[in-house]
2 protein chains.
Amino acid sequence: MLIGELARASGVTVRALRYYEQQGLLQPERAANGYRQYDGRAVTKVRNIQLLLSNGFTAQDVRDFLPCLDDGDVSLVPACPPSVEAVTRKVAVLEERIAELAAVRDRLLQALSGNPTPQQPGTVARRHPAYTRTARG
Amino acid sequence: MLIGELARASGVTVRALRYYEQQGLLQPERAANGYRQYDGRAVTKVRNIQLLLSNGFTAQDVRDFLPCLDDGDVSLVPACPPSVEAVTRKVAVLEERIAELAAVRDRLLQALSGNPTPQQPGTVARRHPAYTRTARG
DNA sequence: CTAAAGGCTGACCTGGGCGTCAAGGTCAAA
DNA sequence: TTTGACCTTGACGCCCAGGTCAGCCTTTAG
């Protein structure tokens with residue numbers, strides 16, 4: 001799979017793919033002519049990278065994520081126990097971000113329904129109802 | 001409340017507060033000496049702004065959020081019906097972001113538990129269990 | 001053979017969210 | 001009155017995630 005195909009398949013630009021590689025997030029093979037060669041799993045991987053980057057994580061953060069998410073193949077995990085701690089921390093970060101966004105969402109929904117905010121001022125709602133809706137619908 | 005106090009109270013820098021104002025996210029009063037004057041609700045507002053910015057939204061995005069979240073006072077909402085549509089769109093964006101992050105979190109948890117991924121390749125998990133954990137909890 | 005399409009590296013540019021001076025005004029305490 | 005903390009605007013700088021252009025090589029189509 002050449003870089004242009006991967007770009008189209010994963011919805012990012014060729015430039016972004018080269019950037020991700022430069023940041024150590026991708027390590028494609030090289031053909032004899034110097035062209036980058038990606039396998040099919042790279043599509044998932046790139047989507048996950050983009051997903052994290054567009055949610056406020058940095059390339060450095062993503063580096064911490066990927067060792068155990070490599071190419072979306074979770075079965076690789078037992079081979080990388082040293083990063084368990086790092087992954088656990090990342091899960092906590094995600095929990096926090098999710099809770100924050102859910103709180104904002106709840107406030108917007110309250111706003112739309114015209115209800116007052118049942119919370120003490122000084123911060124955004126912390127304890128919120130379970131997340132039940134599915135994306136896009 | 002002066003800008004330095006607000007900065008300490010809300011956990012951002014003075015520079016950031018001036019930047020938010022420049023971006024149209026804050027409109028403090030001005031004292032006779034030219035000093036910015038904030039009221040207590042600005043603390044919540046600033047925290048919300050920072051929260052959104054650190055989650056991958058731009059100042060422009062935040063501008064769309066704030067008309068109905070002003071100072072965290074949701075009771076102001078009925079006064080701004082024209083932005084209902086914009087807020088609704090933002091809720092959808094939040095739902096999507098939350099779902100994405102929850103999917104990543106689920107994959108990390110699967111990785112930690114060593115389970116295989118029960119999903120078709122090509123994208124991150126889309127339908128995920130309800131969000132049940134509380135932040136830092 | 002030639003043109004078009006795609007790939008390569010290197011390098012400079014951009015926009016967003018600030019950090020960091022610079023030069024100066026204001027205010028409370030000593 | 002002087003010091004020091006805090007405020008003002010303005011301007012330049014930085015990092016990050018790429019965009020864009022230049023100059024060149026490779027592969028496929030006609």
Side-chain angles (χ1 to χ4, degrees), chain A residues 1-40 42-43 45-66 90 93 97 100-101 104, chain B residues 1-40 42-43 45-66 90 93 97 100-101 104:
Chain A
M1 189 178 216
L2 294 182
I3 194 169
E5 308 176 63
L6 176 56
R8 281 188 297 274
S10 57
V12 307
T13 67
V14 166
R15 177 64 173 95
L17 292 177
R18 290 201 265 251
Y19 175 72
Y20 297 164
E21 180 177 352
Q22 181 190 326
Q23 295 301 307
L25 308 181
L26 295 172
Q27 291 97 26
E29 301 294 306
R30 293 290 183 137
N33 57 12
Y35 286 18
R36 291 168 177 83
Q37 296 266 58
Y38 303 87
D39 55 28
V43 177
K45 187 170 184 179
V46 168
R47 284 183 181 164
N48 283 332
I49 291 172
Q50 230 297 309
L51 193 161
L52 290 169
L53 289 179
S54 68
N55 274 281
F57 292 94
T58 68
Q60 169 68 41
D61 293 331
V62 176
R63 259 199 297 275
D64 297 341
F65 270 105
L66 286 178
K90 287 299 173 186
V93 171
R97 279 207 194 299
E100 289 171 348
L101 292 180
V104 173
Chain B
M1 188 176 215
L2 296 181
I3 194 170
E5 308 176 62
L6 175 57
R8 281 188 296 276
S10 57
V12 307
T13 66
V14 167
R15 177 65 174 96
L17 292 177
R18 290 201 265 254
Y19 175 73
Y20 298 164
E21 180 177 350
Q22 182 190 326
Q23 295 302 306
L25 308 181
L26 294 172
Q27 291 96 27
E29 301 294 306
R30 292 292 182 134
N33 57 15
Y35 287 17
R36 290 168 178 86
Q37 296 266 55
Y38 302 88
D39 56 28
V43 176
K45 187 169 184 178
V46 168
R47 284 183 181 163
N48 283 332
I49 292 171
Q50 230 298 309
L51 192 161
L52 291 169
L53 290 178
S54 67
N55 275 281
F57 293 94
T58 69
Q60 170 67 43
D61 294 331
V62 177
R63 259 198 297 276
D64 297 341
F65 270 105
L66 286 178
K90 288 298 173 186
V93 171
R97 279 207 193 302
E100 290 172 347
L101 292 180
V104 173

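The chains referred to below are lettered A, B, ... by the order of the sequence lines, with proteins before strands, and numbering in each begins at 1.
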Using atom types as modelled, flag every donor-acceptor pair under 3.5 Å from a side chain in residues 52-60 of chain B to any protein atom, sequence neighbours excluded.
from: B/S54; atom 1: OG; to: B/Q50; atom 2: O; distance (Å): 3.1
from: B/S54; atom 1: OG; to: B/L51; atom 2: O; distance (Å): 3.0
from: B/N55; atom 1: ND2; to: A/E100; atom 2: OE1; distance (Å): 3.4
from: B/N55; atom 1: ND2; to: B/L51; atom 2: O; distance (Å): 2.7
from: B/T58; atom 1: OG1; to: B/Q60; atom 2: N; distance (Å): 3.3
from: B/T58; atom 1: OG1; to: B/D61; atom 2: N; distance (Å): 3.1
from: B/T58; atom 1: OG1; to: B/D61; atom 2: OD2; distance (Å): 3.3
from: B/Q60; atom 1: OE1; to: B/R63; atom 2: NH2; distance (Å): 2.8

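- Minimum interatomic distance between B/A9 and B/M1 (heavy atoms only, all atoms of both residues): CB-CE, 3.9 Å.
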N/O-N/O pairs, protein side and nucleotides 22-25 of chain C side, under 3.5 Å:
from: C/dG25; atom 1: N2; to: B/Y35; atom 2: OH; distance (Å): 2.7

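- With a heavy-atom cut-off of 4.0 Å to chain A, the contacted part of DNA chain D has its first and last nucleotide at D/dC16 to D/dT27.
- Here A/R18 lies in heavy-atom contact (under 4.0 Å) with a base.
- Contact between A/L17 and A/A7 at its shortest, heavy atoms only, is CD1-N, 3.7 Å.
- Screening B/R15, B/K45, B/R30 for a salt bridge (charged side-chain N to carboxylate O under 4.0 Å, His left out) with B/E21, the sole residue that qualifies is B/R30.
- Remark: B/L26 CG to B/L6 CG distance equals 7.5 Å, nearest 0.5 Å.
- Counting all heavy atoms, side chain and backbone alike, B/R47 lies closest to B/S10 at CG-O, 3.9 Å.
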Requested in this report: Go through A/F65 and B/V104 one step at a time and tell me if the side chain to side chain contact (heavy atoms under 4.5 Å, CB included) criterion holds.
Outcome: CA-CA 9 Å; A/F65 270 105; B/V104 173; 4.0 Å; yes
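- Atom pair A/Q37:CD and C/dC8:C1' shows a separation of 14 Å (rounding to whole Å applied).
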Query raised in the report: Are B/Q37 and B/L2 close enough, and set up right, to give a side chain to side chain contact (heavy atoms under 4.5 Å, CB included), and what steps lead you there?
Result: CA-CA 5 Å; B/Q37 296 266 55; B/L2 296 181; 3.8 Å; yes
Requested in this report: Could you run through nucleotides 10-18 of chain C and give me one letter per nucleotide, 5' to 3': B if any protein heavy atom sits under 4.0 Å from the base, S if only the sugar-phosphate is that close, - if neither?
Outcome: ------SBB
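- A heavy atom lying under 4.0 Å from DNA chain D marks none of the residues of residues 2-12 of chain A.
- Taking the side-chain contact (heavy atoms from CB on, under 4.5 Å) definition, one finds that A/R8 meets it with A/E5, sequence neighbours left out.
- Atom-to-atom distance recorded for A/T13:OG1 and A/R18:CZ is 9.0 Å, nearest 0.5 angstrom.
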